[in-house]
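Heads up, the thing below is written out as structure tokens.
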Amino acid sequence: MKTLESYQNFYFVGIGGIGMSALSRYFHAAGNRVLGYDRTVTKLTETLVSEGITISFVDEIGDDIRALNPENTLVIYTPAIKKLGILDYFNANGFTVLKRAKVLGLITENTVSIAVAGTHGKTTTSSLMAHLCKVADLPFSAFLGGIAENFKSNFAYNGTEISVMEADEYDRSFLQLSPDWAVITSIDADHLDIYGDTATIEQGFRDFAALVESDRQVFVRKGIDIGRPAVTYAVNEPADFYSDNIREVGDRISFDFHSKNSAVTTFEWEIPGIHNVENATAAIALLQTYGVSTEVLQLGISSFKGIKRRYTKHRFSNGKIYIDDYAHHPTELKAVIGSIKTFYPEKKLLVVFQPHLFSRTRDFADAFAASLEAADELLLLDIYPARELQENYQGVTSNWLAERIKINEKQVVSLAETFEKIKEKDFDVLLTVGAGNIDTLYDDIVNWQNSLSKVDTNG
């Protein structure tokens with residue numbers, strides 16, 4: 001097979017996906033011609049176009065595609081794409097067509113690769129890892145599963161010797177990588193449409209861990225059985241590396257970091273949540289072992305601004321609080337709602353949740369219900385199908401899920417009517433949460449609350 005350097009054109013089928021867009025930015029930053037297809041226009045695709053990447057939103061063989069040469073064009077696709085005329089054209093006309101995971105694997109073969117895996121926490125941990133590498137001025141490229149606020153992107157570039165990436169367990173993609181260093185944050189059941197059962201997904205993570213040669217370069221949250229010796233990290237309990245004494249200092253969070261080879265070090269940042277301190281502990285532990293100084297790590301932690309849609313919080317002068325989060329698994333929902341209830345126990349919480357995938361909703365219906373019952377009031381959006389079809393999941397609907405949720409104040413609504421419904425509600429804290437297109441509500445909500453705050457302030 002040709003090396004990646006032998007291609008001048010890169011066509012991405014499903015370019016608007018968070019992982020695909022990061023990879024497209026990598027090849028664009030290297031001076032190649034990048035173009036692609038996606039089904040819908042989003043903020044992310046609009047940004048890619050503004051950066052000089054050509055995107056089509058129609059499944060047709062246009063002039064841009066016909067002009068491509070199989071000899072110097074690599075086609076990259078996501079497994080979320082099941083059937084597409086454009087993909088059929090490339091396969092029928094002799095183009096090299098590879099999954100995104102395979103291309104990431106080729107990149108990791110020729111770099112010092114740091115891969116972060118886990119059913120929860122991998123986006124924050126990998127983005128923090130990339131930010132710390134940037135502060136340390138290491139020659140890295142980062143491929144992230146979310147928009148890091150420090151980079152305003154899901155891609156960061158400071159060289160090509162090191163690759164930092166989110167290792168995606170979906171479709172067993174992470175087994176295509178060649179990691180030199182790895183973090184495993186969690187191995188909870190998810191993607192059962194791919195793995196079938198909990199034991200199989202746990203084995204997938206063990207297979208991923210086995211890809212790393214050195215035991216001292218695998219970092220695993222304490223309590224996870226990864227099937228091999230590894231370095232452990234934890235929060236509020238002893239491990240090879242651990243953090244404790246978590247406390248609020250004004251609007252910031254401070255915690256003490258412990259390691260075997262150095263004195264206890266205090267870190268401070270603006271990111272809330274015990275689970276985020278756990279993510280920080282993993283990143284600090286790995287990069288300290290890699291050789292980054294404590295002083296640089298403290299500076300990096302202090303200046304980290306988090307991930308877009310990972311507990312993005314607004315506090316308005318009228319007293320309302322708005323939080324937007326990407327959580328789409330029951331464990332994640334429980335964590336974010338639990339954090340809100342911990343910080344604001346007396347405030348009325350309105351949760352607006354969009355389930356993601358029919359299969360995930362079906363597989364974890366009771367767990368979703370238990371997590372959502374912590375809300376004071378709930379607006380439940382229609383299920384976001386992503387790659388799935390409703391016809392294959394008869395009876396799995398938001399109304400079906402709502403019947404399991406034992407709270408009185410609940411309503412199933414469409415995305416189109418949600419904003420007006422929110423405006424009718426009485427709440428102290430508003431949480432919008434989910435991994436589909438619920439993020440399209442964000443700007444309207446912020447602008448609405450800002451306008452109300454101005455009225456309250458000036459009235």
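Remember, it's a predicted structure, so these values are computed and weren't measured experimentally. For this chain, numbers begin at 1 and follow the sequence in order. Note: hydrogens, waters and symmetry copies are ignored here, and every other heavy atom, side chains too, is used.
- Under the 4.5 Å side-chain criterion, counting only non-hydrogen atoms from C-beta, Ser153 is in contact with Arg25.
- Remark: side-chain polar atoms of Arg221 are paired, donor with acceptor, to backbone N or O of Thr185 under 3.5 angstrom.
- The main-chain N or O of Ser414 is found under 3.5 Å from a side-chain atom of Glu417 such that the two form a donor-acceptor pair.
- Side-chain contact annotation: Ser359 with Glu388, donor-acceptor N/O pair under 3.5 Å present.
- For the residue pair Glu166/Thr123, the side-chain donor-acceptor check at 3.5 Å is satisfied.
- For Gln298 (side chain) and Thr266 (main-chain N/O), a donor-acceptor pair under 3.5 Å exists by modelled atom type.
- A distance of 5.0 Å separates CD1 of Ile226 from CD1 of Ile187, quoted to the nearest 0.5 Å.
- Side chains of Thr265 and Asp256: a donor-acceptor N/O pair is absent below 3.5 angstrom, by distance only.
- When all heavy atoms of Ile321 and Lys313 are compared, the pair lying nearest together is CG2-CG, 4.1 Å.
- Around the CG atom of Asn447, the shell of radius 6.0 Å holds more than 12 heavy atoms that belong to other residues, nucleotides or ligands.
- By the 4.5 Å heavy-atom criterion applied to side chains, Leu380 and Val413 are not counted as neighbours.
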Assess whether side chain to side chain donor-acceptor pair (under 3.5 Å) is satisfied between Ser163 and Thr108, documenting all intermediate values. CA-CA 7 Å; Ser163 58; Thr108 61; 5.9 Å; no
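- Annotation: the span from Lys347 atom NZ to Ile340 atom CD1 amounts to 12.5 Å, rounded to 0.5 Å.
- For the residue pair Asp382/Ser398, the side-chain donor-acceptor check at 3.5 Å is not satisfied.
- Cation-pi check for Lys134 over Phe140 is not met; the charged atom does not lie both under 6.0 angstrom from the ring centroid and within 45 degrees of its normal.
- Each of Ile224, Val220, Ile184 was checked for a side chain to side chain contact (heavy atoms under 4.5 Å, CB included) with Phe205, and the lone residue meeting it is Ile184.
- Ring-plane geometry between Phe316 and His314 is classed as parallel, the angle between the planes falling under 30 degrees on a 0 to 90 degree scale with a further cut at 60.
- Heavy-atom neighbours of Lys305 NZ from other residues, nucleotides or ligands within 6.0 Å: at or below the threshold of 12.
- Note: Asp168 CG to Arg100 CZ = 5.5 Å, rounded to the nearest 0.5 Å.
- Remark: aromatic rings of Phe143 and Phe155 are close, center separation under 6.0 Å.
- In this structure a side-chain-to-backbone donor-acceptor pair under 3.5 Å is missing from Asn279 to Thr125.
- Looking only at distances, no side-chain donor or acceptor of Lys260 sits under 3.5 Å from a matching main-chain atom of Phe241.
- For the pair His131 and Ser303, the minimum side-chain heavy-atom distance is below 4.5 Å.
- Of the possible donor and acceptor atoms, one in the side chain of Thr45 sits under 3.5 Å from a partner among the backbone N and O of Thr42.
- In this structure the side chain of Ser50 reaches within 4.5 angstrom of the side chain of Thr47, judged on heavy atoms.
- Residues Ser24 and Leu48 have side chains in contact (heavy-atom distance under 4.5 Å, counting atoms from C-beta outward).
- Contact annotation: the side chain of Leu431 never approaches that of Val352 to less than 4.5 Å [non-hydrogen atoms, C-beta and beyond].
- Remark: side-chain polar atoms of Lys334 are not paired, donor with acceptor, to backbone N or O of Pro330 under 3.5 angstrom.
- Contact between Ala386 and His356 at its shortest, heavy atoms only, is CB-NE2, 3.9 Å.
- Note that the CG atom of Asn110 and the OG1 atom of Thr160 stand 9.5 Å from one another [nearest 0.5 Å].
- The backbone N or O of Phe255 sits nowhere less than 3.5 Å from a side-chain atom of Asp244 that would complete a donor-acceptor pair.
- The nearest pair of heavy atoms linking Ala327 to Val336 is CB-CG1, 4.3 Å.
- Ring centers of His328 and Tyr326: under 6.0 Å apart, within the cut-off.
- Of the possible polar contacts, one joining the Ser186 side chain to the His120 backbone as a donor-acceptor pair under 3.5 Å is found.
- Salt-bridge formation is not detected for the pair Asp444/Lys423: no Lys NZ or Arg NE/NH1/NH2 atom is positioned less than 4.0 Å from an Asp or Glu carboxylate oxygen.
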Stepwise side chain to side chain contact (heavy atoms under 4.5 Å, CB included) check, Ile114 with Met165: CA-CA 6 Å; Ile114 301 171; Met165 62 185 59; over 6 Å; no
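- Here the closest heavy-atom approach between residue Ile337 and residue Val351 is recorded as CD1-CG2, 4.3 Å.
- The CG atom of Asp325 sits 11.0 Å away from the CD1 atom of Ile307 when rounded to the nearest 0.5 Å.
- Atom CD1 of Ile274 is surrounded by 12 or fewer heavy atoms from other residues, nucleotides or ligands within 6.0 Å.
- Using the six-membered ring where Trp is involved, Tyr322 and Tyr442 have ring planes that are tilted, between 30° and 60° apart.
- Nearest heavy-atom pair, Ser178 versus Glu109, reported as atom, atom and distance to 0.1 Å: OG-CG, 3.5 Å.
- Ring geometry for Phe364 versus His329: interplanar angle of 30 to 60°, hence tilted.
- A salt bridge links Glu377 with Lys425: at least one charged nitrogen is closer than 4.0 Å to a carboxylate oxygen.
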Decide yes or no on side chain to side chain contact (heavy atoms under 4.5 Å, CB included) for Leu175 and Phe208, but give the supporting numbers first. CA-CA 6 Å; Leu175 300 184; Phe208 167 74; 4.0 Å; yes
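- Side-chain atoms of Ser243 and Thr281 form a donor-acceptor pair, as typed in the model, at a separation below 3.5 Å.
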Apply the test side chain to side chain contact (heavy atoms under 4.5 Å, CB included) to residues Met20 and Ile76: give CA-CA distance (whole Å), side-chain angles for both, the deciding distance (0.1 Å), then the verdict. CA-CA 8 Å; Met20 289 283 278; Ile76 303 167; 4.1 Å; yes
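- With rounding to the nearest 0.5 angstrom, the CD1 atom of Ile55 is 4.5 Å from the CD1 atom of Ile15.
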Between Ser113 and Asp180, does the side chain to side chain donor-acceptor pair (under 3.5 Å) criterion hold? Intermediate values first, please. CA-CA 5 Å; Ser113 172; Asp180 299 287; 5.2 Å; no
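- In summary, the aromatic rings of Phe353 and Phe368 are positioned with their centroids under 6.0 Å apart.
- Atom CZ of Arg252 is surrounded by more than 12 heavy atoms from other residues, nucleotides or ligands within 6.0 Å.
- Side-chain contact of Gln449 with Asn318: a donor-acceptor pair under 3.5 Å is present, judged by distance alone.
- Salt bridge absent: Lys222 and Asp240 never bring a charged side-chain N and a carboxylate O closer than 4.0 Å.
- The shortest side-chain heavy-atom distance between Phe174 and Leu211 does not fall under the 4.5 Å cut-off.
- No side-chain donor-acceptor contact under 3.5 Å links Arg206 to the backbone of Ile201.
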Could you walk me through whether Met129 and Val183 satisfy the side chain to side chain contact (heavy atoms under 4.5 Å, CB included) test, starting with their C-alpha distance in whole Å, then the side-chain angles of each, then the deciding distance to 0.1 Å, before giving a yes or no? CA-CA 10 Å; Met129 198 86 71; Val183 173; 4.0 Å; yes
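- Scanning both residues, Asn32 and Phe10, for their nearest heavy atoms gives CG-CE1, 3.5 Å.
- Under the 4.5 Å side-chain criterion, counting only non-hydrogen atoms from C-beta, Val41 is in contact with Glu46.
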